[in-house]
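Take a look at the structure set out below.
The figures here come from the full heavy-atom set of this structure, side chains too, leaving out hydrogens, waters and symmetry mates.
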Amino acid sequence: MRAPPSSPGCLGSWQDLHMAEQGGTGQEAEGAVRGVPGTRGEGFTAPGEEVAEAWAELVATARRTVADGLVVGTSGNVSVRVGDTVLVTPSGVPYDRLTPADVTGVDLEGRQVLGTLVPTSELPLHLAVYRTTDARAVVHTHAVHATAVSTLVDELPAIHYMTAALGGPVRVAAYATYGTPELAGNTLRALDGRTGCLMRNHGTLTHGAGLDQAYDRTAQLEWMCRVWLTASSVPGLAPALLSREQLAEAGERLRGYGQRG
């Protein structure tokens, strides 16, 4: 995974930020990144380079959900899988305050193996997705239009051909209290054969082969919800919807979309 470039409001390289925080030399920072999973502050030792880069990308993605209006405050959460470790946003910590030393990770059973900050309350949801799909990244948001749609229908109507990019019409998972196994189970059922779903009176969840893809699917889902709500609000008219055949044709074309190699 690639780390995002250094810029104000965005993580740069793990080593650069760690060195700046510790006020140390390059040699000290280099020694730190050879360590093992540890904690923030005194005695902190850094994870390996792959985990450090993945954490930097995760934080940048979490901050993007706020900047793009998909979450408010610390609502929503982001995770990425590196081997058998799942890095997750910690519970209740504003994303703009996260540093390289805040890396938070668990194994696939939920046991914390990196950091001391409490993982997101939606950890059972994220782990359920990783255990049952080939997901490498998960993004959960409380996007406004998507959440509104989740209160109105059991499935987002096929308002646009990008529905095919999520595997077909987007289902709405039945409501359950956040952070519970019941919510995880409901969401997995809604995700069957899909890479994204809505969560009743709650928000969205998408997954992908990486953070970029998972995030793009979240943004696309929110846009489709906004389009459907806008079209449905015109008095006396109902939006035209795509047929199953039209979605299948779009899905075939989307498989060859983009650059090759």
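Residue pairs meeting the ring-ring contact (aromatic ring centres under 6.0 Å, His included) criterion with at least one member in residues 198-233, sequence neighbours excluded: H140-H202, H142-H202, H160-W223. Pairs engaging residues 107-136 under the ring-ring contact (aromatic ring centres under 6.0 Å, His included) rule: none recorded [sequence neighbours left out].
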Using atom types as modelled, flag every donor-acceptor pair under 3.5 Å from a side chain in residues 165-178 to any protein atom, sequence neighbours excluded.
unit_1, atom_1, unit_2, atom_2, d
R171, NH1, A190, O, 2.9
R171, NH1, D192, O, 2.7
R171, NH2, D192, O, 3.2

Can you list, pair by pair, the side-chain donor-acceptor contacts under 3.5 Å of residues 88-96, counting residues two or more places apart and other chains?
unit_1, atom_1, unit_2, atom_2, d
T89, OG1, V78, N, 3.3
Y95, OH, G76, O, 2.8

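With sequence neighbours excluded, no residue forms a side-chain contact (heavy atoms from CB on, under 4.5 Å) with E249. Looking at residues two or more places apart in sequence or on another chain, you find no side-chain hydrogen bond (donor to acceptor under 3.5 Å, both in side chains) involving E155. With sequence neighbours excluded, no residue satisfies side-chain hydrogen bond (donor to acceptor under 3.5 Å, both in side chains) with R244. In this view, D154 and R200 satisfy the side-chain hydrogen bond (donor to acceptor under 3.5 Å, both in side chains) rule, not counting sequence neighbours. By the salt bridge (charged side-chain N to carboxylate O under 4.0 Å, His left out) test, R64 pairs with D68, sequence neighbours left out. Taking the side-chain contact (heavy atoms from CB on, under 4.5 Å) definition, one finds that L188 meets it with A128, V129, T132, sequence neighbours left out. R131 is linked by a side-chain hydrogen bond (donor to acceptor under 3.5 Å, both in side chains) to nothing, counting only residues two or more places apart in sequence or in another chain.
Hydrophobic clustering, defined by side-chain heavy atoms of Ile, Leu, Val, Met, Phe, Trp and Tyr closer than 4.5 Å, groups V234 together with L237.
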